[in-house]
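One-based numbering, in listed order, for ligands and for the atoms of each.
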Amino acid sequence: MSIRQNVLEKIGGVKLSMDKLPKKASSYFGENTFSISVIKKHISKKTFAAFRHWLDEGKIISMKEADEMAKAMKDWAIAKGATYYTHWFQPMTGLTAEKHDSFISPNGEGRAIEKFSGSMLIQGEPDASSFPSGGIRTTFEARGYTAWDPSSPAFIIECELGKTLCIPSIFISYHGEALDKKLPLLRSDEAINKAVMGLLKLFGHKDIKKVFSDCGAEQEYFLIDKRFYRMRQDLLMTERTLIGASSPKGQQLEDQYFGSIKERVINYMNDVSIEAYKLGIPLMTRHNEVAPHQFEFAPVFEDSNIAADHNQLLMDIIKKIALKHNLVCLLHEKPFAGINGSGKHINWSLSDNKKNNLFNHGNTPEDNLRFLVLFIAVIRAVYKHADLLNASIASAGNEHRLGANEAPPAIMSVFIGDQLTKVLDTIEKGKKAEFSKKDIVNLGIGKLPIFNKDVVDRNRTSPFAFTGNKFEFRAVGSSQNISTPIMVINTIVAESVDYIADRIKKESGHKNFNLKVMSVLKKIVKETKPIRFEGDNYSKSWIKEARQRGLLNEPSTPNALKALIKEENIALFEKYGVLTKGELVSRYNIWMDMYCKKLEIEANTLREMVDSNVVPAGFDYQGLLAGNLTDIVDLRENADLKIKEEVFDDLKDHLIDVTDKIYYVRKHTRRMEKLLKKANSLRVGERADLFFEELKPLMEHIRKHVDELECVVADEHWDLPKYREMLFVQ
Ligand code: ADP
Ligand code: MG
């Protein structure tokens with residue numbers, strides 16, 4: 001029996017104790033967060049008012065007030081058992097980072113007191129030299145500072161033997177440049193607020209004080225048994241299978257999506273919900289996804305900044321809890337070839353300070369006109385800045401989902417549904433449109449309610465779809481920090497809103513305001529028409545049509561990232577105060593470097609697997625065949641065993657076939673070695689191109705031969721867990 005077959009016997013969940021039956025979720029929701037309601041209880045009315053002022057209008061609190069906040073936060077955290085605190089931030093690695101400091105301060109007499117001041121709350125100084133800065137900092141000025149982001153509540157992270165107070169923070173250089181993903185997101189929130197407020201003013205709105213971007217991120221992931229994970233170097237090192245023959249059954253029967261959730265997984269999901277609820281993460285839905293062993297969690301949407309923090313925390317939680325259940329949660333965008341990959345649909349909308357969604361159709365023709373301006377502004381933003389959207393989601397992992405081997409392609413387009421298409425067509429033709437009438441569809445089946453068509457009409461293949469009262473950006477990768485794509489959406493929509501507002505102001509053909517607006521919209525609807533696509537984005541014909549329409553289709557990450565350093569894009573980000581040229585160049589450098597490193601790790605892992613697993617297994621089997629053949633020859637010659645020539649030939653062919661397969665696997669692996677050596681002498685840009693153009697296809701080629709070998713080598717000689725096992729054994 002092989003090691004693998006041995007392990008198969010042991011697959012299964014952990015024993016769960018029933019002594020801790022979960023309480024009502026509402027009784028512990030948010031118990032580990034220093035939420036507004038907790039803050040209110042712990043500080044004076046005056047300081048609370050100053051704090052709210054800071055959140056709503058950006059007027060920073062005084063040091064005295066900060067001291068009061070710090071004391072309240074410390075008392076609350078210590079009462080809950082926290083011994084350490086940390087500024088919790090999101091450096092460019094894509095992960096979160098924390099450097100823990102103890103609350104303890106020695107009193108000089110051999111004892112200590114717990115101390116935490118306003119200045120300690122507001123600012124920290126982790127040694128930043130090991131975080132990627134993409135050239136922003138030279139080592140002699142390696143200092144980085146964390147600064148408290150009061151808009152996201154502090155929280156307590158628990159582990160078996162201790163608790164830590166985490167303070168959401170931004171991370172900046174000595175000169176104030178953003179070294180993280182949160183600060184640009186916060187800046188972009190300011191940009192969209194300013195632009196939309198300007199537009200609302202034009203429409204005569206006086207009662208709206210502030211505009212926010214909202215986000216609900218649907219998180220997809222795979223779960224596999226921990227024991228399988230440990231036996232595969234590729235999963236351990238890269239979170240994806242670099243080799244592995246497809247199992248005969250994948251997702252073709254479509255029996256997984258929304259199917260009943262297996263008990264082992266439901267237990268896991270319950271455990272995740274408890275942890276998430278304690279941290280105030282409002283998980284709402286959970287279900288099976290399309291691929292076997294693929295699942296999804298989605299929260300109720302929140303302010304983008306908080307949604308981004310919560311998504312980072314959720315990714316930590318779903319990984320951590322999985323281990324407790326003898327599972328491993330894979331967040332890679334394409335852990336398994338031949339079946340669906342994992343994305344993270346970002347649902348995005350805008351709301352005002354009274355929580356009104358600005359993408360709701362209004363009740364009056366005027367409201368609907370305002371809705372249309374914003375709606376068309378988003379379409380225009382995608383049309384004009386598809387390159388930036390593409391760059392915001394480009395990574396080594398997501399590249400496998402978008403455009404490379406399997407659908408969907410890396411083409412940005414917008415889906416808006418029949419009803420709104422009809423509306424835009426009417427605008428384009430310049431006919432008088434009646435926007436106040438809701439397009440209600442009656443199914444004509446007595447017992448079913450009539451429904452508004454937009455709520456139901458969906459196109460699951462569109463990368464950017466309008467879904468009722470929000471846009472859904474589906475091309476985002478499952479492992480990604482959502483701050484970057486939201487930051488890009490906020491910025492490009494801000495630009496688009498400003499552009500339209502400006503055009504309206506300059507429109508001279510009409511006196512009537514509504515007619516001015518309609519006239520501007522008419523031109524923009526016409527101009528941006530190529531970006532609208534209602535068909536199947538996964539079809540071959542779309543690729544051709546998109547090319548004819550002049551749309552961008554950029555499957556290569558290194559090429560997609562170039563959008564970040566295009567002159568007009570640098571000007572755009574600088575104009576909106578979201579990123580400076582230096583910050584953009586640093587991001588470009590970091591992401592290119594990351595791309596190369598990830599591929600290098602993959603290639604080296606593949607080489608090791610080929611040399612230490614695949615080829616030895618092949619040789620074992622080859623030995624078996626050769627021994628068998630020798631025996632037969634021997635029997636034929638010495639015992640006059642009468643074997644038909646064609647049967648004998650078949651035995652020989654089989655041996656030759658296996659020998660050939662091993663040969664090709666080795667030959668291409670040696671080629672890969674040479675390619676890696678060559679890459680070493682290249683600069684990052686050239687290396688990334690070489691990896692995309694040559695290394696990746698070569699790795700695919702090696703995989704093809706390895707997978708063929710896997711299918712013929714005796715099962716007991718194959719030690720790597722197989723697809724059918726990882727995806728179907730419960
Ligand atoms: P779907 O059918 O696309 O799965 P859901 O209504 O289930 O749509 O919503 C999916 C996600 O979208 C959830 O996280 C939800 O909170 C979020 N969402 C709903 N409305 C908004 C909105 N106005 N802005 C941002 N996100 C939203
Ligand atoms: Mg959705």
Side-chain angles (χ1 to χ4, degrees), residues 29 185 188-189 192-193 196 208 210-221 256-259 269 272-273 276-277 279-290 294-315 317-318 340 342-362 367 370-371 374-375 377-378 381-382 408 414-417 420 451-476 478 480 482-483 485-490 493 537:
F29 186 89
L185 172 63
S188 76
D189 255 332
I192 190 89
N193 167 46
V196 178
I208 297 175
K210 198 167 173 180
V211 171
F212 300 85
S213 69
D214 292 322
C215 175
E218 302 167 49
Q219 178 70 53
E220 294 180 344
Y221 59 95
Q256 156 87 358
Y257 191 54
F258 281 18
M269 287 176 164
V272 167
S273 302
Y277 286 164
L279 287 168
I281 303 171
L283 290 187
M284 192 65 178
T285 56
R286 57 189 194 192
H287 59 79
N288 285 358
E289 258 303 326
V290 173
Q294 190 190 27
F295 310 92
E296 179 184 301
F297 268 121
V300 177
F301 67 95
E302 301 174 278
D303 181 272
S304 290
N305 178 34
I306 296 178
D309 283 1
H310 278 170
N311 183 253
Q312 287 295 120
L313 275 176
L314 180 66
M315 288 195 285
I317 294 172
I318 59 181
N340 274 22
S342 296
K344 180 148 50 195
H345 301 175
I346 288 187
N347 295 272
W348 175 91
S349 69
L350 295 169
S351 63
D352 64 24
N353 50 308
K354 290 181 187 149
K355 299 278 169 226
N356 296 311
N357 182 344
L358 300 182
F359 289 109
N360 271 335
H361 308 209
D367 277 354
R370 189 201 66 189
F371 158 77
L374 278 177
F375 176 69
V378 178
V382 180
V414 184
F415 169 87
I416 60 172
L420 283 157
F451 60 93
N452 187 319
K453 210 172 165 186
D454 256 352
V455 179
V456 176
D457 187 13
R458 290 286 162 97
N459 178 331
R460 301 251 168 225
T461 67
S462 173
F464 208 101
F466 186 67
T467 47
N469 58 5
K470 60 182 164 52
F471 284 89
E472 191 170 335
F473 186 20
R474 297 208 182 95
V476 181
S478 49
Q480 227 191 312
I482 59 174
S483 305
I486 304 175
M487 175 269 290
V488 166
I489 296 175
N490 284 347
V493 174
N537 284 256

Any side-chain donor near an acceptor of the partner, [X] and [Y], under 3.5 Å:
X      : Y      : value
Asn490 : Ser213 : yes
Asn353 : Lys210 : no
Gln294 : Asn340 : no

Which of the numbered atoms in ligand 1 are under 4.0 angstrom from any heavy atom belonging to [X]?
X      : answer
Glu472 : 3 (O)
Val300 : 16 (O)
Asn357 : 23 (N)
Ser349 : 22 (C), 23 (N), 24 (N), 25 (C)

Between Glu218 and ligand 1, which residue portion shows a heavy-atom distance shorter than 4.0 Å: side chain, backbone, both, or neither?
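Glu218 to ligand 1: side-chain contact only, backbone stays beyond 4.0 Å.
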Could you tell me which non-hydrogen atom of Thr461 sits nearest to which non-hydrogen atom of Arg474, and how far apart they are?
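Thr461 and Arg474 have their closest heavy atoms at N-NH1, 4.3 Å.
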Of the listed options (Pro299, Ala298, Ser304), which comes nearest to atom 14 (O) of ligand 1 when hydrogens are ignored and any heavy atom counts?
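Comparing heavy atoms across Pro299, Ala298, Ser304, the nearest one to atom 14 (O) of ligand 1 lies in Pro299.
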Can you check whether Phe301 has an N/O within less than 3.5 Å of an N/O in ligand 1?
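Yes, at least one N or O pair falls under 3.5 Å.
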Any N or O on Trp348 sitting closer than 3.5 Å to an N or O of ligand 1?
no
Pair Phe466 and Trp348, ring centroids less than 6.0 Å apart
no
Aromatic contact between Phe415 and Phe464, with the criterion being ring centroids under 6.0 Å apart: yes or no?
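Ring centres of Phe464 and Phe415 not closer than 6.0 Å.
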Contact between Thr467 and ligand 1, counting heavy atoms under 4.0 Å?
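Outside the 4.0 Å threshold, so no.
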Quick one: are Val382 and Ile489 in side-chain contact, heavy atoms under 4.5 Å?
no
